[in-house]
Amino acid sequence: QVQLVESGGGLVQPGGSLRLSCAASGSIFSIYDMAWYRQAPGKQREKVALITTAGTRIYWDSVKGRFTISRDNANKSVYLQMNSLKPEDTAVYYCNADVRPTNSDPMSNYWGQGTQVTVSS
């Protein structure tokens, strides 16, 4: 019943910017940690950034200083502002969240389907 849907991906030139969005829907009692991952062709999926319910942010070293993760609990959404994009940022970006569907359900982890980001001239 919980769905995460990403949007905002596309083609951008090196040095450009993109803003990714992820909206959660369905049965949601509480949302805890939310994060962005990415996976480039031939590589393992890696964590990009994480934000806790309280707003504490953790970034992967390769994007620190260029990307900003934020969340809007009222809209059940998480965002990733990506600036100064590099070709090596090209990947499918996935939304991830810990969600408790109801007050009687345990917390479970959910994934979105991904959105493609391509950085090329």
Check whether any side-chain heavy atom of [X] sits under 4.5 Å from a side-chain heavy atom of [Y], and report yes or no.
{"X": "Lys47", "Y": "Trp36", "value": "no"}
{"X": "Arg100", "Y": "Asn103", "value": "no"}
{"X": "Leu85", "Y": "Leu18", "value": "yes"}
{"X": "Val99", "Y": "Ser30", "value": "no"}
{"X": "Arg66", "Y": "Asp89", "value": "yes"}
{"X": "Tyr59", "Y": "Thr68", "value": "yes"}
{"X": "Ile51", "Y": "Val78", "value": "yes"}

Can you see which heavy atom on [X] is nearest to which on [Y], and at what distance?
{"X": "Gly114", "Y": "Val92", "result": "CA-CG1, 3.8 Å"}
{"X": "Gln1", "Y": "Ser27", "result": "OE1-CB, 3.1 Å"}
{"X": "Cys22", "Y": "Leu4", "result": "SG-CB, 3.9 Å"}
{"X": "Ile28", "Y": "Lys76", "result": "CD1-CD, 3.9 Å"}
{"X": "Ser121", "Y": "Pro14", "result": "N-CD, 3.7 Å"}
{"X": "Ile31", "Y": "Ala24", "result": "CD1-CB, 4.2 Å"}

Dump the intermediate steps for side-chain contact (heavy atoms from CB on, under 4.5 Å) on Arg57 and Ser70, then the final yes or no. CA-CA 8 Å; Arg57 298 177 173 92; Ser70 61; 4.1 Å; yes

Going from [atom1] on [X] to [atom2] on [Y], what distance comes out if it is rounded to the nearest 0.5 angstrom?
{"X": "Thr115", "Y": "Arg38", "atom1": "OG1", "atom2": "CZ", "result": "14.0 Å"}
{"X": "Cys95", "Y": "Met34", "atom1": "SG", "atom2": "CE", "result": "5.0 Å"}
{"X": "Leu50", "Y": "Asn96", "atom1": "CG", "atom2": "CG", "result": "8.5 Å"}
{"X": "Ser120", "Y": "Leu11", "atom1": "OG", "atom2": "CG", "result": "6.5 Å"}

Can we call the ring centroids of Tyr37 and Trp111 under 6.0 Å apart?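 Yes, ring centres under 6.0 Å apart.
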
Between Thr52 and Arg71, do the side chains contain an N or O donor and an N or O acceptor separated by less than 3.5 Å? no

Can you confirm whether the side chains of Ser104 and Thr102 place a donor and an acceptor under 3.5 Å from each other? yes

Can you tell me if Glu6 uses its side chain to pair, donor with acceptor, with the backbone of Gln113 under 3.5 Å? yes

Is there a donor-acceptor contact under 3.5 Å from the side chain of Asp72 to the main chain of Ala74? yes

Same hydrophobic cluster for [X] and [Y], using side-chain heavy-atom links shorter than 4.5 Å among ILVMFWY?
{"X": "Tyr110", "Y": "Val48", "value": "yes"}
{"X": "Val117", "Y": "Phe67", "value": "yes"}
{"X": "Tyr94", "Y": "Leu20", "value": "no"}
{"X": "Trp60", "Y": "Met82", "value": "yes"}
{"X": "Tyr93", "Y": "Tyr79", "value": "no"}

Taking it one step at a time, do Val12 and Thr118 satisfy side-chain contact (heavy atoms from CB on, under 4.5 Å)? CA-CA 6 Å; Val12 65; Thr118 302; over 6 Å; no

side-chain contact (heavy atoms from CB on, under 4.5 Å) evaluation trace for Gln81 with Ser17: CA-CA 7 Å; Gln81 179 66 47; Ser17 299; 4.0 Å; yes

Considering residues, nucleotides and ligands other than Gln13, do more than 12 of their heavy atoms fall under 6.0 Å from its CD? no

